[in-house]
2 protein chains.
Amino acid sequence: MSYRKKKVIPIGTVAELTGLSVRQIRYYEERKLVTPERTKGGTRKYSFEDVDILAEIANKMEDGMQTYEIRKMWEKEKEREALAQEKARKEMLQGQLNAHFNFHRLTDSRLSDPRLGDR
Amino acid sequence: MSYRKKKVIPIGTVAELTGLSVRQIRYYEERKLVTPERTKGGTRKYSFEDVDILAEIANKMEDGMQTYEIRKMWEKEKEREALAQEKARKEMLQGQLNAHFNFHRLTDSRLSDPRLGDR
DNA sequence: ACAAAAATGTTAGAAAATCTTACGTACTAT
DNA sequence: ATAGTACGTAAGATTTTCTAACATTTTTGT
């Protein structure tokens, strides 16, 4: 996994990196904006990605946005991305099918083309 | 700074990531193989780079190498790299000088070439 | 304007994680 | 044999984080 996604940073350090209070960071977890992992002992561990997300939250909050608005926004985003992904996937599949049948069409025409001898 | 170089990981997590004991990690610091930062409170913080270095140490130790051998090895490496850097730097500088004087040579010759008129 | 909800501070006590220091041990090299 | 290397382990202190609760401030909806 990438360094960006590995959950290794304790909450105090996250607070320093983002400028948020520890209280705020825990609260944003309660509102499902971040999902840290836990050690056996139960202490939270965040990733750099989480840090970036939290920094982004800090901005949106300054702009007067509410936590559930932020979450909703992200959910829409994810959905859009998922659709785009799906679309891309289908197109690629279609492309492969096309390539496949093209290959056969070419092969067949060549085989049945009297101008082309056996090789 | 890159995620790789930011010192944010506590020693327990480093131990998990590397499979080394906390004792070993502290010992390798004593032998100058890693240099974590500290929080105000005094707890160590490591980077992913440190984690990689420690993993590498673990291998060398398994091969029966001693800490000071490892350090010496790295110092030599650093030196070689520094020399290579220096060489590259000089070559680039020379390249720029060449380009510079080439430019003037071409310009001058054009200016003094009777076949080329004013524009 | 007022009540409810949201966002955050603060405090208290417990638990987890880390720190330093020191002593013990096994192995290696001289 | 002695000394150095590379750890393990233990003790006690300190730092960090945890949950839960209550308080305060800000925002929102009616």
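Naming: A, B, ... by sequence-line order, numbering from 1 per chain. As the structure is a computational prediction, the values presented were derived from the model and not from experiment.
Rounded to whole Å, atom P of dG8(D) lies 11 Å from atom CE of Met61(B). Following rounding to the nearest Å, Glu62(B) (CD) and dC7(D) (C1') show an atom-to-atom distance of 15 Å. Atom CZ of Arg26(A) is separated from atom P of dA21(D) by 15 Å (rounded to the nearest Å). In this structure, CD of Glu30(A) is placed 14 Å from C1' of dC18(D), rounded to the nearest angstrom. Look at CG on Asp63(A): it is 16 Å from C1' on dT26(D), rounded to the nearest Å. Rounded to whole angstrom, the span from the NZ atom of Lys40(B) across to the P atom of dT16(D) amounts to 8 Å. Spacing between atom OH of Tyr28(A) and atom P of dA7(C) amounts to 8 Å, rounded to whole angstrom units. Note: CD1 (Ile11(A)) to P (dT16(D)) measures 14 Å, nearest angstrom.
A 4.5 Å side-chain heavy-atom check between Ile70(B) and Glu56(B) finds every atom pair outside the cut-off. No side-chain heavy atom of Trp74(B) sits less than 4.5 Å from a side-chain heavy atom of Lys32(B).
Between Ser21(B) and dG8(D) there is a side-chain N or O to OP1 or OP2 distance below 4.0 Å. At dC18(D), one or more side-chain N or O atoms of Arg44(A) fall inside 4.0 Å of OP1 or OP2 (strictly under the cut-off). Regarding contacts with the backbone of dA6(D), a side-chain N or O of Tyr27(B) is found under 4.0 angstrom from either OP1 or OP2. Residue Arg38(B) has a polar side-chain atom (N or O) positioned under 4.0 Å from OP1 or OP2 of dT20(C). The side chain of Thr67(A) contributes no N or O atom lying less than 4.0 Å from OP1 or OP2 of dA6(C). Proximity of Gln66(B) to the phosphate of dT5(D): no side-chain N or O atom is located under 4.0 Å from OP1 or OP2.
Each of Thr43(A) and Tyr68(A) has a nearest nucleotide on DNA chain D; the 5'-most of these lies closest to Thr43(A). Checking Arg23(B) against Lys45(B), the closest nucleotide of DNA chain C that is more toward the 5' end is the one next to Lys45(B). Between Val22(B) and Thr39(B), the residue anchored closer to the 5' end of DNA chain D is Val22(B), taking for each the nucleotide with the nearest heavy atom.
As judged by a 4.0 angstrom heavy-atom cut-off over every strand, Arg31(B) is placed among residues touching the sugar-phosphate backbone only.
Minimum interatomic distance between Ile53(B) and Leu33(B) (heavy atoms only, all atoms of both residues): CG2-O, 3.8 Å. Of all heavy-atom pairs between Thr18(A) and Ala55(A), the closest is CG2-N, 4.4 Å.
A salt bridge links Glu16(A) with Lys40(B): at least one charged nitrogen is closer than 4.0 Å to a carboxylate oxygen.
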